S.K.: 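Before we start, here is the structure in question, set down as C-alpha cells.
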There are 2 protein chains.
Amino acid sequence: MDIREIAKRARVSTATVSRAINRIPTVNPQLAKRVWSVIEELGYYPNTQARALVSGRSRIFGLIISEITNPFFPEIVQVFERIAVQHDYEIMLTSTGNDPTHMEAAVRRMIERRVEGVAIMTFGMEEVLLEDLKLRKVPLVFVDVGPPRARVSNIRIDYLHGIRQAVQHLAALRHHKIAFISGPLHLKSAEARKQAFLGSMEEIGLEADPALIVEGTHTIEGGIVAFGKLLDGATRPTAILCSNDMTAMGVMRKAYEEGIRIPSDLSVIGFDDIRLAQFVLPALTTVQMSQADLARLAFNALLTELQRETPSATGTEYTLKTHLVLRESTRLVSDHPKTPARKTPARP
Amino acid sequence: MDIREIAKRARVSTATVSRAINRIPTVNPQLAKRVWSVIEELGYYPNTQARALVSGRSRIFGLIISEITNPFFPEIVQVFERIAVQHDYEIMLTSTGNDPTHMEAAVRRMIERRVEGVAIMTFGMEEVLLEDLKLRKVPLVFVDVGPPRARVSNIRIDYLHGIRQAVQHLAALRHHKIAFISGPLHLKSAEARKQAFLGSMEEIGLEADPALIVEGTHTIEGGIVAFGKLLDGATRPTAILCSNDMTAMGVMRKAYEEGIRIPSDLSVIGFDDIRLAQFVLPALTTVQMSQADLARLAFNALLTELQRETPSATGTEYTLKTHLVLRESTRLVSDHPKTPARKTPARP
DNA sequence: GCGGACATAGTAAACGTTTGCTCCCAAGGA
DNA sequence: TCCTTGGGAGCAAACGTTTACTATGTCCGC
C-alpha cells in the first residue's frame, strides 16, 4: 500500500499526503485531517527505506560493543535504545567479541545501511575502517578507546578518581598487601585502570608489589584463574582490586571454593558497578561508572556532531566521572584469619 | 558514490555491475573482475535501502524481548544475531518491558522498516497489532506466549520435564515442605511453570501447601520480597523452587541477609540456567532451558516460514526440552538447622 | 550460407518516498 | 481596475538499486 493509494482516496496529491504525514504546517488542516483518516482506515505505514533513500537519512545509529552477554553492556544498550527511540532513531547493535574480523564485518554492514553515526565501545577498530567511516563523514564517538591518531569524538573516563578512592579506602582499612587483577592489557581501558591503580598506590605511599599484579580477562573465569595465580604466589594479598565486576565475581567464586571468607579474610573491590554487584554475596564494594550516563553521553555526542553544520575536524572530548560505592566486600584487615588457607600464607 | 559511477569507470552498464556484485553467473568473469577492482578501488558499498526498496526485501528480522538487562536474554540475542549475520540478515532489537504501549510502538517501527519476520519473546501483544502483522504476511514466531486464537508459529517449552526432575530431586533429598515462587502470573510462561510444579508435586504424592506458593516478578528484587513473605508465614519451607534464576538469586541474597545457609538450611532450585547460575555462591541447581537452542529454533522458524511458498495458515509448533542440572544449592534436608532462624520454624 | 539457439550485455522501468518548482487563487494596496 | 504578495496545492524529478525485456554476437547443424 502506497502513498499514492492514500493520495487517490483522499483526493489530493502525493505531495500533500507526504506533507500531512510529516506534519508540515503549510497544509490545510482540513486536508490533513482527511489524509490522516484515510491513513488510519487503511492501516498505512510509510516505507522507511523509500524515505531514507530520497532524504538521504537512514535514521539509524550503529552501536558496537564487545559482548552483549557481559552484564556491563545491556544497561548501556537499554538506555541508548530508549533515547534513540525518543529521537526517532533505530539502533543497529553488534557485539564483536573484540575480534577485528567481526568488527570489520560489522562496520561494513553499518556503512551499507548508511548509519548516521556510530558509537564504538570496543577494541579492534582498524585504521582502514576508520578511514572508510570518516571518508563518509559519519559521526563517530569512541568511548575510551579512540585511536590516538584519529581526530574523533571521545568519551574519556576518569578512572583515577574512583580508583584513588578505592585504594584510599583499602589503605584506611589498614590493607597494604593490595593485589590488582587487570583486564586484558591490550585494551586501552584496561591499561588505563592499571595505571590509575599504580598511580594511586604511589600517591598514598604504598608499594605495589609486582607479584601482586596479574592480568585477567574481564570475565568471571578470568577472575577465577587470576586469583588462583595470586594464591600460588609467595605473598598473600589481604585485599584485591579488580579491573571490573565480573573479575571480582570470579575472585569471590574462587574464594568460596577455597574456603576463604570475604570480607573477613579478604577484601574485594570491583569496577563498573553493574547492577548485579549489589546482589552478589557479599554485596560488592566497587567503583561506579554509570552505564546510563555513558549511554547518554555517547548518544548526545553523536547527535551534536550530526547537527553541527561544519563537522568538527578535531572531535570533542567528554569525560565521565567514576567514584567508589561502599558495600559489604571490604573490611578492616584481620591479623588472624580464621579460615584455613589453601597454602600457608607467607606471613612471618 | 553510485553503482553508476562504478559502471562508468568499468565501462559497463549498471545492470552488469549489479550482476557482478550479486555474483550472478551469467556475467563474464573478465568483466566481473574489472567491476570488482573498480569497486575495491573506490571503496564502494551498495546502498541497502535502495536494494531493499526495489527487491522488496529488507533483510531485517525483528526480535522483541522484555528486558535486555535480564541476563536471560543477552545469550539469546547473541546467538540470534550471530545466525542472522550468517544469513545476511540484520536484527532489529527491542525491549518492551512487557509494556503494551512500548510493544505497540516497537511493532509499528518494525512494520515501517518492513521487517521480514518477527520473533516475539515477551508478553503484551495486542490482537490489533497481530492483525496488522498478519495482514502483511510477516512471518511470526512466538515463544511460549502465542495468543490462543492466533494461528502463528510457536515455540512451546516443555516445562514439565525439567520441573518434574527438580521436584523429584528435592523429594529424593527428603524435602516435603517445598515452596514455589512463581513469576508474574499474568505471563503465560509463568503460569505454565507453576502448573508444572503443581502437577509434579501431585504426581509424586506430595502436597503443595498453598501458603508456600507465592508470586514473584522474575527479578532479584522479587525473589527477595517473595522469600520475605515465605519467612513471615507459618510453615517454613526446607526447599524453594523458583520460576527463574533471578528469583533464586533474590532468595539467596535474602537468605544471606537472614543468616540462613544454603544448602544446609535451605535448598534452592532455579529455572533457566543463565550463565551466571554456575558462578553464584553456592552454584545454583537449576532447570536448564537452552537459550542458544531457543534462539536457533526461533530463527529457523522464521526462515522456514519465509521460504514456504504458500504461507501456512496454521503455524508450526516447535518444542524445547528442559532438564535439571545439579549444582551446589540443594542438599538432603537437615532436621536440625544449625543457624538461628529469624522466626521459630513451625516444626513439631 | 542460413536459421536457430545460446550466452552476455545493455536499456529502461520500476520500487515508494521527498521536495524544488510551478501554478492558482484570494486578498490587499495603489 | 490592476498589480503584488503569499498561502497552499500539485507536478515531476530525483534517490540507488534490481530485473524483465531486448539486442548483439557467436557457434553450430544442415
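Sequence lines set the chain letters: A, B, ... in the order given, protein chains first and strands last, and positions in each chain run from 1. Bear in mind that the values here come from a model prediction, so they are computed numbers and not experimental data.
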S.K.: Whole Å only: how far is the CD1 atom of I6(A) from the C1' atom of dA9(D)?
M.R.: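 Nearest whole value for this atom pair: 18 Å.
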S.K.: Check whether any side-chain N or O of Y44(A) sits under 4.0 Å from OP1 or OP2 of dT17(C), and answer yes or no.
M.R.: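 Looking at the OP1 and OP2 atoms of dT17(C), one of them is under 4.0 Å from a side-chain N or O of Y44(A).
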S.K.: At under 4.0 Å between heavy atoms, how does the protein contact nucleotides 18-26 of chain D? Give one character per nucleotide, 5' to 3', with B, S or -.
M.R.: BBB------
S.K.: Can a salt bridge be assigned to the pair R59(B) and E90(B) using a cut-off of 4.0 Å between side-chain N and carboxylate O?
M.R.: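 No salt bridge links R59(B) with E90(B).
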S.K.: Identify every side-chain donor-acceptor pair in residues 2-9 of chain B under 3.5 Å, counting partners at least two apart or on other chains, and give the distances.
M.R.:
from, atom 1, to, atom 2, distance (Å)
D2(B), OD1, R4(B), NE, 3.4
D2(B), OD1, R4(B), NH2, 3.3
E5(B), OE2, R9(B), NE, 3.1
E5(B), OE2, R9(B), NH2, 3.1

S.K.: Strictly by side chain to side chain donor-acceptor pair (under 3.5 Å), give each pair with a member in residues 24-36 of chain A just once, sequence neighbours left out.
M.R.: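 Output for this query is empty, none listed.
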S.K.: Output all residues satisfying side chain to side chain contact (heavy atoms under 4.5 Å, CB included) with T16(B), sequence neighbours left out; order by chain, then residue number.
M.R.: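 So T16(B) forms a side chain to side chain contact (heavy atoms under 4.5 Å, CB included) with V12(B), S13(B), R19(B), V27(B), L31(B).
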S.K.: Rounded to whole Å, how long is the line connecting atom CZ of R4(B) with atom P of dC15(D)?
M.R.: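 These atoms are roughly 6 Å apart.
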S.K.: Expressed as a whole number of angstroms, how long is the span from R114(A):CZ to dG16(D):P?
M.R.: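 Interatomic distance, CZ of R114(A) to P of dG16(D): 8 Å.
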S.K.: Would you mind reading off the distance between L42(B) atom CG and dG16(D) atom P, rounded to a whole angstrom?
M.R.: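 Taking atom P of dG16(D) as the reference, CG of L42(B) is at 14 Å.
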S.K.: Got a sec, which residues hit ring pair (Phe, Tyr, Trp, His ring centres under 6.0 Å) with F299(B), two or more places apart in sequence or on another chain?
M.R.: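 By the ring pair (Phe, Tyr, Trp, His ring centres under 6.0 Å) rule, F299(B) matches F61(B), F80(B), H87(B).
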S.K.: With heavy-atom distances below 4.5 Å as the criterion, would you say the side chains of F73(A) and L93(A) are in contact?
M.R.: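 In short, these two side chains do not touch, never coming nearer than 4.5 Å.
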S.K.: Using salt bridge (charged side-chain N to carboxylate O under 4.0 Å, His left out), reason through E305(B) and R308(B) one step at a time and then give a plain yes or no.
M.R.: CA-CA 5 Å; E305(B) 195 61 31; R308(B) 213 191 286 280; 3.2 Å; yes
S.K.: Between E81(A) and T94(B), does any side-chain donor sit less than 3.5 Å from a side-chain acceptor?
M.R.: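 Yes, side-chain donor-acceptor contact under 3.5 Å.
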S.K.: Take atom OH of Y45(A) and atom P of dT17(C), then tell me their distance rounded to the nearest Å.
M.R.: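 In whole Å, dT17(C) P lies 14 Å from Y45(A) OH.
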S.K.: Within residues 26-35 of chain B, find the residues that approach DNA chain C with a heavy atom at under 4.0 Å, and present them sorted by residue number.
M.R.: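 Hits under 4.0 Å, by residue number: T26(B), V27(B), N28(B), L31(B).
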S.K.: For L53(B) and dA13(C), give me the distance from atom CG to atom C1', rounded to whole Å.
M.R.: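 Result: 13 Å.
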S.K.: Can you check the I39(A) CD1 to dT17(C) C1' distance for me, whole Å?
M.R.: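 Value for this atom pair: 13 Å.
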S.K.: Is there a side-chain contact between I64(B) and V107(B) in this structure, where contact means two heavy atoms from C-beta onward sitting under 4.5 Å apart?
M.R.: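 I64(B) vs V107(B): side chains touch.
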S.K.: Whole angstroms only, please: what is the CG-C1' distance between N47(A) and dA14(C)?
M.R.: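 These atoms are roughly 14 Å apart.
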